[in-house]
Colleague: 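Sharing a structure, written as structure tokens. Questions coming.
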Amino acid sequence: MPKPTVTVWMEEGVHSAIFAQQAVVGVFKLPLITYLCCVIGLPPVHPNVHSTQKGRLLMSSITSTQVVSLSTQAPRPLPVWRRWLRKIEWRLLLLPLIGLLLWQGWALLAESNYYADFIVPHPDTVWARLEERWADGSLVTHVAVTLREALSGLFIASLIATALGYIIARVKIFDYLLTPYLIFLQAIPVIAISPLIIIWFGSGLASKVVIAAMITWFPMMIATIVGIRNVSPNLREMMRANAASRWQIFRHLEVPSAMPELLGGLKIAVTLSVVGAAVGEFVSAREGLGYLVMYGRGISDTPTVVLAVLMLTVVSLVLYSLVAMLETSLLSWRKAGKP
Amino acid sequence: MIQTQTAILHADHIHHTFTAANGQPIPALEDVSLALAPGTFTALIGPSGCGKSTLLRILAGLVKPTSGQVQFGGLALDRPQRRISLIFQKDNLMPWRTVYENIELPLQLAGVAKTEKEQRVAHLLSITDLLGFENHYPAELSGGMAQRVAIARGLINEPDVLLMDEPFGALDALTREQMGQELLRIWATTQATVLMVTHSISEAVFLADRVLVMSPRPGHIIREVPIPFTRPRGIELLTDTTFTQLAAQIRAAIH
Ligand SMILES: Nc1ncnc2c1ncn2[C@@H]1O[C@H](COP(=O)(O)OP(=O)(O)OP(=O)(O)O)[C@@H](O)[C@H]1O
Ligand SMILES: [Mg+2]
């Protein structure tokens with residue numbers, strides 16, 4: 001017989017946990033320290049407690065009558081001001097605070113004179129470079145160039161990779177014939193082959209698009225294969241029983257069913273596409289953030305290098321967030337029925 | 001026996017043999033013939049693994065039998081038809097579609113106009129007692145509610161033939177009885193021909209016009225029991241002596 005478990009919710013913080021402890025301790029005979037561990041998320045220190053997650057205790061060795069006596073205690077309604085406090089998104093306030101701390105830490109490190117400016121430039125110098133390049137419009141140009149290369153590569157790769165992934169997932173013979181060669185293709189280090197790509201496609205947009213595509217197609221293809229293979233055979237049969245055409249099965253079953261995997265793949269691919277564009281620009285380019293890194297290095301201006309790297313990061317982050325937002329809106333059904 | 005000419009769905013000397021992964025043949029159905037007269041309710045009962053689901057898949061046109069033929073409305077059935085609806089053992093709902101969108105699916109696939117779709121879904125929501133849940137997702141429903149959604153989806157394009165594979169299999173006894181009565185009520189408002197697989201003898205006798213009993217694998221129909229009760233049938237029928245006699249007769253045929 002499995003041990004009965006019960007979840008004790010302690011959402012109201014330390015004070016209520018201590019308060020609740022007085023009520024619960026008689027039932028469970030747990031020491032106060034266990035509750036404190038629970039509240040601050042430390043590992044359990046009591047044999048009856050399975051695990052603590054923030055604000056939650058999972059306990060065993062409890063008889064059903066004890067559980068009943070616990071669950072009959074109605075929670076006290078919170079005063080208005082506490083309900084209002086709980087509505088504030090503390091996470092959103094804390095997030096920029098951490099960023100500010102990191103920035104200050106960086107500034108302290110730069111000001112310490114322990115490292116030369118050439119090694120660790122002061123954040124204010126980097127900020128100054130940002131303002132200069134913002135004013136003359138070159139920052140926007142570089143960002144736009146890199147963005148265009150990355151997104152074009154991602155777009156082309158997604159088209160090819162989802163088509164390939166689809167036939168590999170659906171037709172056995174293609175899986176057998178193509179997969180070894182595709183894995184071979186993926187095994188070529190993109191960074192090593194990028195000079196060759198530049199020779200073949202020139203030092204303009206095309207070569208960067210190819211490199212970005214080469215680095216993003218694989219996660220997209222794997223996501224498609226996994227997504228299509230995960231389509232429930234029962235739902236397939238249900239669609240067939242309803243005389244659905246191949247196109248209808250694709251449109252109404254396979255696409256929505258594979259959507260979680262596809263978006264997961266897209267999340268990986270979208271950040272990689274920026275890496276691909278930058279790698280291409282390292283080898284040979286006249287604009288773009290990757291070019292800016294090389295340019296800064298060439299004129300020994302570390303603040304420009306740091307600025308370009310930071311901008312690459314920001315571009316990646318923004319693209320990732322857009323996909324994450326798309327995911328939240330497309331997959332809202334997955335929240336249904338969860339406690 | 002019902003005359004072949006008047007039957008809407010008619011299976012003629014069906015044999016079906018599966019091939020196991022190791023190449024060994026598994027005879028699942030052996031010489032099954034049956035005819036469903038329009039508007040009748042037939043129950044199919046038999047031991048587990050005797051080929052009931054396989055027979056239903058063949059009758060729905062999903063599986064081509066090894067030999068024998070299925071005729072639907074006088075024509076050979078070679079692929080699934082919209083006029084034949086199959087309700088599976090599991091509810092088979094799409095988790096990303098709401099109740100409304102799940103019920104609507106067959107109409108969407110058939111390209112029915114929006115206003116008509118809305119009318120029909122609304123009607124089925126009300127007869128399956130799901131009003132107010134149209135915007136819920138399957139994950140938010142109880143097992144019985146999900147099964148009712150599947151039944152509503154099976155009925156939505158007003159099929160001529162309704163094939164049901166243990167539609168109440170996942171339910172507890174009490175819900176099962178309620179759903180059975182509900183099914184009879186819904187069925188009375190349609191003219192559908194029903195073939196329902198069930199493991200419950202009393203459910204079969206309670207719901208059907210006749211009960212077909214299958215042998216263990218390879219399955220064939222060993223007994224046909226007509227059920228004489230008039231409709232509408234109430235729950236008090238379960239204690240009727242004729243009812244218990246019929247149930248005993250069927251139980252004896254199975255063993
Ligand atoms: N795809 C398959 N491949 C091989 N054998 C199969 C396949 N499907 C079914 N069988 C075999 O055919 C027989 C009949 O299966 P079927 O699912 O029709 O039984 P059933 O009467 O519906 O059983 P239950 O009442 O348990 O649902 C089983 O013995 C099974 O081993
Ligand atoms: Mg079955």
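Just so we're on the same page: letters track the sequence lines, and every chain starts at 1. Given the structure is predicted, the values throughout are model-derived calculations rather than measurements.
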Colleague: Please look at B:Leu141 and chain A and tell me whether the side chain, the backbone, both or neither of the residue comes under 4.5 angstrom of a heavy atom of that chain.
Modeller: neither

Colleague: Around A:Arg229, counting heavy atoms of other residues, nucleotides and ligands shown, do more than 12 lie under 6.0 Å from its CZ?
Modeller: yes

Colleague: Can you tell me how far CG of B:Leu107 sits from CG of A:Asn242, rounded to the nearest 0.5 angstrom?
Modeller: 9.5 Å

Colleague: Specify the closest pair of heavy atoms between A:Ala241 and B:Pro80, including all atoms of both residues, with the distance to one decimal.
Modeller: O-CB, 3.8 Å

Colleague: Which heavy atom of A:Leu235 sits nearest a heavy atom of B:Leu93, and at what distance?
Modeller: CD2-O, 3.8 Å

Colleague: Can you name the nearest heavy-atom pair linking A:Met238 to B:Asn92, along with the distance?
Modeller: CE-O, 3.9 Å

Colleague: Of all the heavy-atom pairs spanning A:Ala336 and B:Ala139, show the shortest one and how long it is.
Modeller: O-CB, 3.5 Å

Colleague: Less than 4.5 Å apart, any side-chain heavy atom of A:Arg240 and any of B:Arg79?
Modeller: no

Colleague: I'd like to verify something: which residue of B:Phe88, B:Trp96, B:Tyr137 has the highest number of heavy-atom pairs under 4.5 Å with chain A?
Modeller: B:Trp96

Colleague: Using non-hydrogen atoms only, which part of A:Ser245 is less than 4.5 Å away from chain B: side chain, backbone, both, or neither?
Modeller: neither

Colleague: In the structure I gave you, are the side-chain heavy atoms of B:Leu105 and A:Met239 within less than 4.5 Å of one another anywhere?
Modeller: yes

Colleague: Over all heavy atoms of both residues, which pair between B:Leu109 and A:Gln248 is shortest? Give the atoms and the distance, please.
Modeller: O-NE2, 2.8 Å

Colleague: Which heavy atom of A:Leu253 sits nearest a heavy atom of B:Met94, and at what distance?
Modeller: CD1-CE, 3.9 Å

Colleague: Has the side chain of B:Arg82 got a donor or acceptor atom that lies under 3.5 Å from a matching backbone atom of A:Ala243?
Modeller: yes

Colleague: Counting only non-hydrogen atoms closer than 4.5 Å, does A:Leu330 touch chain B with its backbone (N, CA, C, O), its side chain (CB onward), both, or neither?
Modeller: neither

